[in-house]
Amino acid sequence: MGCGVKLARAVLLIFTLIFLLIGLALLGAGIWMLVSQDRLFNVLNLINEHAGNSEIGDELERVSQQKGVVATAGAILVAAGAISAVISFFGCMGAIKQSKFLLIIYAGIIGLLLGGQIAAAVLVMLYKDRAVSLASSQLLILQDKYLISINEFPTAVKQPESAVSLAFNSMFVSLRCCGVNNVTDAAASGSWQKSNRTWYNRGNLTVPATCCPLVDHADTTQLLVELRWDFLPEMLRSFSCPVSGDGMKTLPCVEALLAFVNQYSLWILVGCVAFAAAQ
């Protein structure tokens, strides 16, 4: 047996063992979630009964009713772990026993997976515009229904408006964009128009404050990580921008997202090729 064949066998054995262990870990975690979900929710219910804070109690009660989510997550982990373990088993045993039959099965399964990945990549390229259109329409619906002024963040922490609006405002800040398809559609949001739009005795907001540019080198971790949106006014390049709309951002978020994807598309492609090569 030549050195090249031995090296290929060793590499195959190492990779299949790693994926086998990962598959078994996922399988074990999924089984644990399915078996222990009742015990987990019993603990949550016990905490709920003794929670002195009514808000914490309400949140625990809401979480304790989500058994279906935990069961689904557990089933997904079991399926993913079992598939990974079975595929890796064929490769591992084929490498150890030098079984042509097992290696053919392993190669066939990997070939099917690679074919599926190539098909998925082709579909993404073919239906990219349609996917962007569908995503834009859904984002517009969410923006119109849930976007609120940052003034209401402290009083709406448990409402869906707060979570969705936080996501939109974080996107406006991180991607330096405003609106979905147009910079004006954020201010036209029905829920935003009904929210508290007063701006420090300067009048009412005409555009979301996050649609205004920040000063250079602004520490956005206070906003995006610590969620201290009360620091936003002092980060704005123009304090009057949210009221007047002068100097607001000019890039819609869909265009910003596409630009971001295109910027890192080469690295995404390299990652996909590396993943396929590992398989």
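Contact check for I150 versus L232: side-chain heavy atoms found under the 4.5 Å cut-off. Side-chain atoms of L257 and M171, non-hydrogen and from C-beta on, do get closer than 4.5 Å to each other. No side-chain heavy atom of E234 sits under 4.5 Å from any side-chain heavy atom of F239. Contact check for F231 versus T220: no side-chain heavy atoms found under the 4.5 Å cut-off. V183 is not listed as a side-chain neighbour of L251, based on a closest heavy-atom distance of 4.5 Å or more.
From L147, atom CG reaches atom CG of L142 across 10.5 Å, with rounding to the nearest 0.5 Å. Once rounded to the nearest 0.5 Å, the distance linking CG of D144 with CD1 of I141 reads 9.0 Å. Taking CG of D219 as the reference point, atom CG of L214 lies at 11.0 Å (rounded to 0.5 Å). To the nearest 0.5 Å, atoms CG (L17) and CZ (F89) are separated by 11.5 Å. Taking CD1 of I148 as the start and NZ of K194 as the end, the distance is 13.0 Å to the nearest 0.5 Å. In this structure, CH2 in W199 is found 8.0 Å from OG in S149, a value given to the nearest 0.5 Å.
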Q) After noting the C-alpha distance and the side-chain angles of S174 and F260, does the key distance pass the side-chain contact (heavy atoms from CB on, under 4.5 Å) rule? A) CA-CA 11 Å; S174 58; F260 178 82; over 6 Å; no
Q: Check the pair V215 / L236 against side-chain contact (heavy atoms from CB on, under 4.5 Å), numbers first and verdict last.
A: CA-CA 6 Å; V215 296; L236 294 177; over 6 Å; no
Q. For L223 and R228, what are the C-alpha separation, side-chain angles and deciding distance, and is it a side-chain contact (heavy atoms from CB on, under 4.5 Å)?
A. CA-CA 5 Å; L223 307 177; R228 292 295 307 274; 5.7 Å; no
**Q.** D216 vs R237, side-chain contact (heavy atoms from CB on, under 4.5 Å): CA-CA, chis, key distance, verdict
**A.** CA-CA 8 Å; D216 296 334; R237 189 176 299 171; 3.6 Å; yes
Q | Verdict with supporting geometry, C178 and C211, disulfide bond (SG atoms under 2.5 Å apart) | A | CA-CA 5 Å; C178 178; C211 284; 2.0 Å; yes
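The shortest heavy-atom contact between A186 and W192 is O-CB, 4.2 Å. Here the shortest heavy-atom pairing between V207 and A187 reads CA-CB, 4.2 Å. In this structure, C241 and G247 approach most closely via the heavy-atom pair SG-C, 4.2 Å. Scanning all heavy atoms of the two residues, the minimum distance from G179 to F172 falls at N-CE2, 3.5 Å. The two residues S191 and Q143 have their closest heavy-atom pair at OG-O, 3.6 Å. Pairing each heavy atom of S238 with each of P242, the nearest pair is O-CD, 3.8 Å.
The ring of Y146 has its center no closer than 6.0 angstrom to the ring center of F168.
No path of Ile, Leu, Val, Met, Phe, Trp and Tyr side chains, each step under 4.5 Å between heavy atoms, connects M248 with V254, placing them in separate hydrophobic clusters. Hydrophobic clustering of Ile, Leu, Val, Met, Phe, Trp and Tyr side chains at less than 4.5 Å, counting indirect connections, keeps L26 apart from L21. Both Y200 and L205 belong to a single network of hydrophobic side chains, linked directly or stepwise wherever heavy atoms of I, L, V, M, F, W or Y lie under 4.5 Å apart. Tracing side-chain contacts under 4.5 Å through hydrophobic residues (I, L, V, M, F, W, Y), one reaches M93 starting from F101; they form part of the same cluster.
A donor-acceptor contact shorter than 3.5 Å is absent between the side chain of K145 and the backbone of G190. Side chain of T206 to backbone of V243: a donor-acceptor contact under 3.5 angstrom is found. Using a distance-only test at 3.5 Å, with no hydrogens or angles considered, a donor-acceptor pair links the side chain of S137 to the main chain of L134. Side-chain N or O atoms of N169 include one that pairs as donor or acceptor with a backbone N or O of S165 at under 3.5 Å. In this structure a side-chain-to-backbone donor-acceptor pair under 3.5 Å is missing from N196 to E152.
A donor-acceptor pair shorter than 3.5 Å cannot be found between the side chains of S189 and D185.
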